[in-house]
Amino acid sequence: MELSIVVPAYNEEEGVEALTKEIISALRPLEKNYEVIVVDDGSTDRTYSILSDLNRQDPRIKVLSLKRNFGQTAALAAGIAHAKGNVIVFLDGDGQNDPKDIPALFGKLEEGFDLVAGWRSPRRDPFWSRRLPSWIANKLISWMTRVKLHDYGCTLKAIRQEVAKELKLYGEMHRFIPAIAYERGAKIAEIKVNHRARQWGKSKYGIGRTFRVILDLLTVKFLISYATRPLHIFGLIGLLSGALGFAFGVYLTVQKLLYGVEIGGRPLLLLAVLLIVIGFQFVSLGLLGEMLARTYHESQDKPIYVIKEILDEGSSS
């Protein structure tokens with residue numbers, strides 16, 4: 001299997017048939033052996049029955065039906081787990097991603113990249129409620145992960161199977177796939193793709209997702225930078241807190257011993273003690289984190305590196 005198209009769909013009865021046919025039409029010029037995996041993410045409308053009919057008409061259309069609505073990240077993870085293609089393409093089920101961009105993504109991938117992300121330009125969404133928050137989020141994510149992309153929120157991506165299978169996705173982490181893949185050594189590219197106005201259904205995104213994305217961003221940043229050395233972040237905070245508390249303590253001691261200043265009721269004394277205690281707690285947390293990280297990697301024999309290639313002249317002779 002050369003190509004797998006993974007499409008998460010939730011209550012998309014109005015457009016899922018048209019979208020699936022669009023995908024098949026867009027793939028025809030590629031002349032590749034492909035499959036279209038539509039993940040029904042616990043839809044409560046006729047999405048599943050429509051997909052069942054499409055599957056009977058064309059066996060290349062495969063359907064994964066989840067028992068309930070687990071969210072887009074889980075739907076993509078399910079699609080990845082069942083994909084057989086050497087290249088996996090993600091596509092939104094709402095019809096706003098254009099299937100005609102798939103050949104361009106595939107072509108860019110063949111230039112030597114491991115993941116090609118779509119950049120919706122121009123974007124067909126309201127400015128204040130969607131585009132402005134998205135622009136801020138993209139800048140923040142690019143800064144924190146050091147993987148600079150214009151559009152982390154675009155589902156349309158092409159990724160090599162060996163990279164996709166290594167992804168561990170949960171929460172709202174589907175939008176951080178490029179950053180997670182980059183941390184595993186993947187070469188990332190970005191190309192402009194067409195973004196269409198929503199033709200059917202309604203958006204499943206709300207302002208509440210923003211807070212979950214921020215929390216997941218902190219998780220991704222920690223996993224990328226400190227997963228194998230948690231003491232470096234918790235220990236640093238602990239040392240800074242302890243040092244500041246110790247400095248306040250020394251200052252108060254000098255005030256008491258040399259100048260006879262009463263310090264018992266001063267808030268600064270309580271702050272000094274609090275900072276020292278917090279410092280000990282953070283250092284202890286870092287040490288516990290180090291033990292958990294070592295247990296995790298050693299118990300599973302999980303390497304902390306990813307090998308790109310091995311050249312062994314002796315074994316080939």
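Remember, predicted model here, so these are calculated numbers, not experimental data.
Residues Leu140 and Met173 are members of one and the same hydrophobic cluster, defined by side-chain heavy-atom contacts under 4.5 angstrom among Ile, Leu, Val, Met, Phe, Trp and Tyr. A single hydrophobic cluster is not seen to contain both Val254 and Leu257; linkage of ILVMFWY side chains at heavy-atom distances under 4.5 Å, directly or through other members, places them apart. Clustering ILVMFWY residues whenever any of their side-chain heavy atoms sit less than 4.5 angstrom apart, transitively, puts Phe246 in a cluster other than the one holding Leu236. Leu231 and Met291 are not part of a single hydrophobic cluster, where members link through side-chain heavy atoms under 4.5 Å apart. The hydrophobic clustering, which links ILVMFWY residues whose side-chain heavy atoms are closer than 4.5 Å, places Leu156 and Ile24 together.
Taking the ring centre of Phe113 as origin, the terminal cationic atom of Lys187 falls inside the region bounded by 6.0 Å and 45° from the ring axis. Cation-pi check for Arg46 over Tyr48 is not met; the charged atom does not lie both under 6.0 angstrom from the ring centroid and within 45 degrees of its normal.
For Glu13, there are no salt bridge (Lys or Arg N to Asp or Glu O under 4.0 Å) partners, not counting sequence neighbours. Annotation: salt bridge (Lys or Arg N to Asp or Glu O under 4.0 Å) contacts of Lys84 (sequence neighbours excluded): none. Under the rule for a ring pair (Phe, Tyr, Trp, His ring centres under 6.0 Å), the partners of His150 that lie at least two apart in sequence or sit in another chain are Trp119. With sequence neighbours excluded, the residues that form a salt bridge (Lys or Arg N to Asp or Glu O under 4.0 Å) with Asp58 are Arg60. Not counting sequence neighbours, the partners of Glu111 by the salt bridge (Lys or Arg N to Asp or Glu O under 4.0 Å) test are Lys108.
Minimum interatomic distance between Met144 and Leu218 (heavy atoms only, all atoms of both residues): CE-CD2, 4.1 Å. For Val6 against Pro8, the heavy-atom pair with the smallest separation is O-CD, 3.8 Å. Across all their heavy atoms, Thr20 and Val16 have their closest contact at OG1-O, 2.7 Å. Looking at every heavy atom in both residues, Glu162 comes nearest to Glu166 through O-CG, 3.4 Å. Closest heavy-atom contact between Pro99 and Ala26: O-CB, 3.3 Å. Across every non-hydrogen atom of Ala164 and Ile88, the tightest pair is CB-CD1, 3.8 Å.
Residues Arg160 and Leu109 have side chains in contact (heavy-atom distance under 4.5 Å, counting atoms from C-beta outward). Contact check for Leu66 versus Val39: side-chain heavy atoms found under the 4.5 Å cut-off. Under the 4.5 Å side-chain criterion, counting only non-hydrogen atoms from C-beta, Val89 is in contact with Leu3. Contact annotation: the side chain of Glu17 approaches that of Leu54 to within less than 4.5 Å [non-hydrogen atoms, C-beta and beyond]. Ile159 places none of its side-chain heavy atoms less than 4.5 Å from the side chain of Val87.
Separation of atoms CD1 (Ile23) and CG (Leu91) is listed at 5.0 Å; rounding is to 0.5 Å. Here CD of Glu290 is found 10.0 Å from CG of Leu292. Values are rounded to the nearest 0.5 Å. Note: Leu19 CG to Asp94 CG = 8.5 Å, rounded to the nearest 0.5 Å. Considering CD1 of Ile5 and OH of Tyr34, their distance stands at 9.0 Å, rounded to 0.5 Å. From Trp143, atom CH2 reaches atom CG of Asn138 across 15.5 Å, with rounding to the nearest 0.5 Å. Annotation: the span from Ile80 atom CD1 to Lys168 atom NZ amounts to 10.5 Å, rounded to 0.5 Å.
Here the side chain of Thr253 pairs a donor or acceptor atom with the backbone of Gly249 at under 3.5 angstrom. Looking at Asn97, its side chain does come within 3.5 Å of a backbone N or O of Asp92 through a donor-acceptor pair. A distance-only check finds no donor-acceptor pair linking the side chain of Thr73 to the backbone of Leu169 [under 3.5 Å]. The main-chain N or O of Gly85 is found under 3.5 Å from a side-chain atom of Gln161 such that the two form a donor-acceptor pair. Of the possible donor and acceptor atoms, one in the side chain of Lys157 sits under 3.5 Å from a partner among the backbone N and O of Cys154. For His195 (side chain) and Ser121 (main-chain N/O), no donor-acceptor pair under 3.5 Å exists by modelled atom type. A donor-acceptor contact shorter than 3.5 Å is absent between the side chain of Arg196 and the backbone of Arg124. Ser241 places no side-chain N or O within 3.5 Å of a backbone atom of Ile237 that could act as its donor or acceptor partner. Under a 3.5 Å cut-off, the side chain of Glu190 and the backbone N or O of Asp151 do form a donor-acceptor pair.
A donor-acceptor contact closer than 3.5 angstrom links the side chains of Asp40 and Ser43. A donor atom on one side chain and an acceptor atom on the other are found under 3.5 Å apart for Asp41 and Asn69. Glu35 and Ser4 share a side-chain donor-acceptor pair at under 3.5 Å.
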Task: Audit row: Tyr182, Arg146, side-chain contact (heavy atoms from CB on, under 4.5 Å) steps and yes/no - done: CA-CA 10 Å; Tyr182 179 81; Arg146 290 179 291 181; 5.8 Å; no

Open item on the list: Between Arg123 and Ser134, is the side-chain hydrogen bond (donor to acceptor under 3.5 Å, both in side chains) condition met? List the steps.
Closed with: CA-CA 11 Å; Arg123 186 168 174 181; Ser134 179; 2.8 Å; yes

Task: Full working for side-chain contact (heavy atoms from CB on, under 4.5 Å) between Ile102 and Leu27 - done: CA-CA 7 Å; Ile102 295 176; Leu27 294 177; 3.7 Å; yes

Task: Thr47 vs Leu51, side-chain contact (heavy atoms from CB on, under 4.5 Å): CA-CA, chis, key distance, verdict - done: CA-CA 6 Å; Thr47 299; Leu51 291 172; 3.8 Å; yes

Open item on the list: Using the rule given for side-chain contact (heavy atoms from CB on, under 4.5 Å), can you reason through Thr155 versus Arg175, listing the C-alpha separation, both sets of side-chain angles and the distance that settles it, and then say yes or no?
Closed with: CA-CA 7 Å; Thr155 301; Arg175 67 184 64 250; over 6 Å; no

Just distance, no hydrogens or angles: give the donor-acceptor pairs under 3.5 Å from side chains in residues 266-289, sequence neighbours left out.
from	atom 1	to	atom 2	distance (Å)
Ser284	OG	Phe280	O	2.8

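Other residues, nucleotides and ligands contribute more than 12 heavy atoms inside 6.0 Å of the NZ atom of Lys165.
Contact check on Glu262 versus Lys256 returns a salt bridge, with a Lys/Arg side-chain nitrogen under 4.0 Å from an Asp/Glu carboxylate oxygen. The pair Arg28-Glu22 does not meet the salt-bridge criterion, since no charged nitrogen lies less than 4.0 angstrom from a carboxylate oxygen.
When the options Thr145, Leu217, Ile177 are evaluated for a side chain to side chain contact (heavy atoms under 4.5 Å, CB included) with Tyr152, the one that passes is Thr145.
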